[in-house]
Peer 1: 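I'd like to ask you about the structure that follows.
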There are 2 protein chains.
Amino acid sequence: MKKRLSISDIAKNLGISVTTVSFILNDKAKEKRISDALTHRVLDYVKKVGYKPNQLAKSLRTGKSKTLGLLVEDISNTFFANIAKQIEQRAYDHGYHILYCSMNNDVNRAKELIQLFHDRQIDGFIIAPTEGLSEVIHNLLKNNVPIVLFDRFIEDLDTNYVVSENKQAAYMGSKYLLDDLKATKVGMLTINSAQTQMRSRLDGYMQAMDELGRDAVIKKIQVDQPDEVTIDLVRDFIVDNKLDAVFFATNYIAIIGLKAIKKYKLSIDKIVSFDDHAIFSLFHTPVTSLAQDIKSISDHIIQILISEINGKSKGYQHIVIPCELKVRN
Amino acid sequence: MKKRLSISDIAKNLGISVTTVSFILNDKAKEKRISDALTHRVLDYVKKVGYKPNQLAKSLRTGKSKTLGLLVEDISNTFFANIAKQIEQRAYDHGYHILYCSMNNDVNRAKELIQLFHDRQIDGFIIAPTEGLSEVIHNLLKNNVPIVLFDRFIEDLDTNYVVSENKQAAYMGSKYLLDDLKATKVGMLTINSAQTQMRSRLDGYMQAMDELGRDAVIKKIQVDQPDEVTIDLVRDFIVDNKLDAVFFATNYIAIIGLKAIKKYKLSIDKIVSFDDHAIFSLFHTPVTSLAQDIKSISDHIIQILISEINGKSKGYQHIVIPCELKVRN
DNA sequence: ATGAATAGGTAAAACCATTTAGCAAACTTA
DNA sequence: TAAGTTTGCTAAATGGTTTTACCTATTCAT
């Protein structure tokens, strides 16, 4: 129940000034010509009594909160959860904490949260941007707030981003179905979204189909409808088009797709999905995946953000990370 | 690039004192006898210029950061990720933010993080405690820091916790295998951990076996070994003991177990697992699960924590939430 | 008419750190 | 020895709030 020590308690107890203690604790003893003897005396005492500076006061004075905001659509999605884990780890190594939140496809909530985070003097933002966030992100940029977008970017917004090599990966996955598995009719299942990563994946699929002169067969599903409805739509899509192969554009869709395949005992056995998932090696017909390099993505995000916070950035960076085709049989 | 407005800017621009503005903004206008006219003038102006109080300064002054710390073993685990999502949502509804981190089975890191969070004036902790954290949590309690443990608790630590009805659920799952599926030999696969939830699940299984006079067959696997090793151990366990049913104590183990079943084409088809997972309905022999009530767990956690922060708690609460048996065929 | 009560506000301290500007003593240099 | 430099340290301002204590002018009761 004893009150926390403040820097002035330390100073008082040692009979010196607060300034001196502050200098010493911030590694400015040499620079500010504090004697070695006093430096050690302070350091020893601080360690002995276990004094820790009040981060709030520090942040208030310096304007740096040593906290980053992570905004994703849904933290319970395995991709985002894994990103979150890596990011948190790396941020911590740099002395930063992560405030996170799920936007849950709610633009207003997202805007409010960004404002809220900004009010909290967050040092930088890591955002998987949803449609409709363009304006509020633009505002942040105008205020010189460090930002890194990931997973997708926003076309008319000039800023840092780290994304996967979506088009190339989708092309690779499609070619795998066509060339290696000799698929005759490959359907693409994606979501009804204009986000860049989705468009790129579509582009990669299209390119592969075009090269071989195959017809593209595409279904865009809506994320807000009940799974049961989507499951039936997927069955119709596969059956009506006589598909012998499918390409799922995200693991979220893939899981629904697999449910349809299982429920209606569809005999399709050439399957590729974006994003890896534990299910893919356990399903009765294994699913080949295009795994995003989560470690590398997280590394780049943090590195870019920290260097921008420290004013060491050299213009906006656009990082594109290759995916790995994980072939399963 | 314009500097943020502060409360004193507002006061100056309106020709009144900072105190008055503060009172009005904190809903104390009536109590402090500020005239309605002035109150509205201030409120209108504040809205017009979009002034937002600096949360750091506020926190520094009040000692409340409106931030909660969430400490889990691994945020990329679906159970924890789902809890995190719910918690974050509910915390937000009460005006709180979540600082989270994964402890990754590293006691020292965990201790350091708790200290770090405490230094940041976190208002309360939500912890899925690992072994070895007893002491540091005890210290927090001594300092009157509000804490809610979840998923498991620590025996010798008197504090709030919210856990699932593990023993009863495990009993129910075991009975389902024995009575409904007529299993003759049911093995229990769990992890090498003394955590309370694991012990309770074991107890529930044991009770069911005891009641029918069956022999308990238990294997504890180590979480730190490579999956391949564990997979082979699981096969040996199932084959050597001629099991026709298994009970997986967590979804983490279940996934490894399913990999073993698939890899070695084991013909076991009576399977129950704690925790639900998308895989369970998609595996070739569906897995019945004991789903934890994540919404209810999160609700209770936040409600207890907030009421303790507000000094409205009536002694430590021990909440035990029932699980749902999700039968699959 | 007088003292008390109330209405409507404000000045200044406090929260806890960082940082700028500067002071006194000791030491150099010419 | 006078002037300049270095050493070693500190007072006070600053960041943006909340909160305590108090002040003045008006209203009310007697």
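Being a predicted model, the structure only gives us computed values, none of them experimental.
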Peer 1: Hey, does the side chain of A:Tyr51 come within less than 4.0 Å of C:dA17's phosphate (OP1/OP2), counting only N and O?
Peer 2: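 So the side-chain polar atoms of A:Tyr51 do come within 4.0 Å of the phosphate oxygens OP1 or OP2 of C:dA17, strictly under.
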
Peer 1: Under 4.0 Å between any heavy atoms, over every strand shown, what does A:Lys30 touch: base, sugar-phosphate, or nothing? Just pick one.
Peer 2: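 No contact.
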
Peer 1: Output the rounded distance in Å from CG (A:Asn54) to C1' (D:dT14).
Peer 2: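 In whole Å, D:dT14 C1' and A:Asn54 CG are 16 Å from each other.
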
Peer 1: Quick one: is B:Thr62 getting a side-chain N or O under 4.0 Å of the C:dC15 phosphate, OP1 or OP2?
Peer 2: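 Checking C:dC15 against B:Thr62, no side-chain N or O comes under 4.0 Å of OP1 or OP2.
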
Peer 1: Under 4.0 Å between a side-chain N or O of B:Thr20 and OP1 or OP2 of C:dT10?
Peer 2: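 So the side chain of B:Thr20 is within the cut-off, an N or O lying under 4.0 Å from OP1 or OP2 of C:dT10.
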
Peer 1: Testing the 3.5 Å rule here: is there a donor-acceptor pair between the side chains of A:Glu131 and A:Ser193?
Peer 2: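 A:Glu131 vs A:Ser193: donor-acceptor pair found between side chains.
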
Peer 1: Do we see a donor-acceptor contact under 3.5 Å between the side chains of A:Asn139 and A:Glu135?
Peer 2: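 Side chains of A:Asn139 and A:Glu135: no pair found under 3.5 Å.
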
Peer 1: Is atom CG of A:Asp93 surrounded by more than 12 heavy atoms (other residues, nucleotides or ligands) closer than 6.0 Å?
Peer 2: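 Yes, enclosed.
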
Peer 1: Under a plain distance cut-off of 3.5 Å, with no hydrogens placed, do B:Gln115 and B:Asp119 share a side-chain donor-acceptor pair?
Peer 2: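 Checked: B:Asp119/B:Gln115 side chains pair up, N/O donor to acceptor below 3.5 Å.
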
Peer 1: Which nucleotide sits closest to the side chain of B:Arg33: C:dG9, D:dG8, C:dA7?
Peer 2: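 Of C:dG9, D:dG8, C:dA7, C:dA7 is nearest to the side chain of B:Arg33.
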
Peer 1: If you only use heavy atoms from C-beta on, which nucleotide in D:dT17, C:dG8, D:dA11 is closest to the side chain of A:Ser17?
Peer 2: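 Out of D:dT17, C:dG8, D:dA11, the nucleotide with an atom closest to A:Ser17's side chain is D:dA11.
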
Peer 1: In terms of side-chain heavy atoms of A:Arg61, which of D:dG15, D:dT10, C:dG9 is nearest?
Peer 2: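 Nearest nucleotide to the side chain: D:dG15.
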
Peer 1: To the nearest Å, how far apart are B:Lys58 NZ and D:dT19 P?
Peer 2: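 After rounding, the reported distance stands at 9 Å.
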
Peer 1: Would you check if the distance from the ring center of B:Phe150 to the ring center of B:His300 is below 6.0 Å?
Peer 2: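 No.
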
Peer 1: Hey, which sits more toward the 5' end of DNA chain C by its nearest nucleotide, A:Ile7 or A:Lys32?
Peer 2: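 That would be A:Ile7.
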
Peer 1: May I have the distance from A:Leu25 (atom CG) to C:dT19 (atom C1'), rounded to whole angstrom?
Peer 2: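 In whole Å, C:dT19 C1' and A:Leu25 CG are 15 Å from each other.
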
Peer 1: Between C:dC15 atom C1' and A:Arg4 atom CZ, what is the distance in whole Å?
Peer 2: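 Taking atom C1' of C:dC15 as the reference, CZ of A:Arg4 is at 12 Å.
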
Peer 1: D:dT7 C1' sits how many Å from A:Leu38 CG, rounded?
Peer 2: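 Rounding to the nearest Å, CG of A:Leu38 and C1' of D:dT7 are 13 Å apart.
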
Peer 1: Looking only at the side chain of A:Ala57 (C-beta and beyond, no hydrogens), which of the listed nucleotides D:dC9, D:dT17, C:dA17 gets closest?
Peer 2: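 That would be C:dA17.
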
Peer 1: Check every atom of D:dT19, D:dT17, C:dT20 against the side chain of A:Phe23 and return the nucleotide holding the closest atom.
Peer 2: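 Of the options given, the side chain of A:Phe23 lies nearest C:dT20.
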
Peer 1: Any donor-acceptor pair under 3.5 Å joining the side chain of B:Thr19 to the base of D:dT18?
Peer 2: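 There is none.
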
Peer 1: For A:Lys64 and D:dG15, what is the distance between atoms NZ and C1' respectively, to the nearest whole Å?
Peer 2: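 It works out to 14 Å between those atoms.
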
Peer 1: Under 4.0 Å between any heavy atoms, over every strand shown, what does B:Leu56 touch: base, sugar-phosphate, or nothing? Just pick one.
Peer 2: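 No contact.
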
Peer 1: Please state how far atom CG in B:Leu60 lies from atom P in D:dT19, giving the value in whole angstrom units.
Peer 2: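 So the two atoms are 12 Å apart, to the nearest Å.
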
Peer 1: Can you find a side chain N or O atom of B:Asn26 that sits less than 4.0 Å from OP1 or OP2 on D:dT18?
Peer 2: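 The answer is yes; a side-chain N or O of B:Asn26 sits under 4.0 Å from OP1 or OP2.
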
Peer 1: Check the phosphate of C:dT18 against A:Ser22, side-chain N and O only, distance under 4.0 Å to OP1 or OP2. Yes or no?
Peer 2: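 The answer is yes; a side-chain N or O of A:Ser22 sits under 4.0 Å from OP1 or OP2.
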
Peer 1: Could you check how far CD1 of B:Ile16 sits from P of C:dG8, rounded to whole Å?
Peer 2: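 In whole Å, C:dG8 P and B:Ile16 CD1 are 15 Å from each other.
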
Peer 1: For the residue pair A:Tyr100 and B:Tyr100, categorise the inter-ring angle as parallel (less than 30°), tilted (30 to 60°) or perpendicular (more than 60°).
Peer 2: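 Judged by the thresholds at 30° and 60°, the geometry between A:Tyr100 and B:Tyr100 is perpendicular.
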
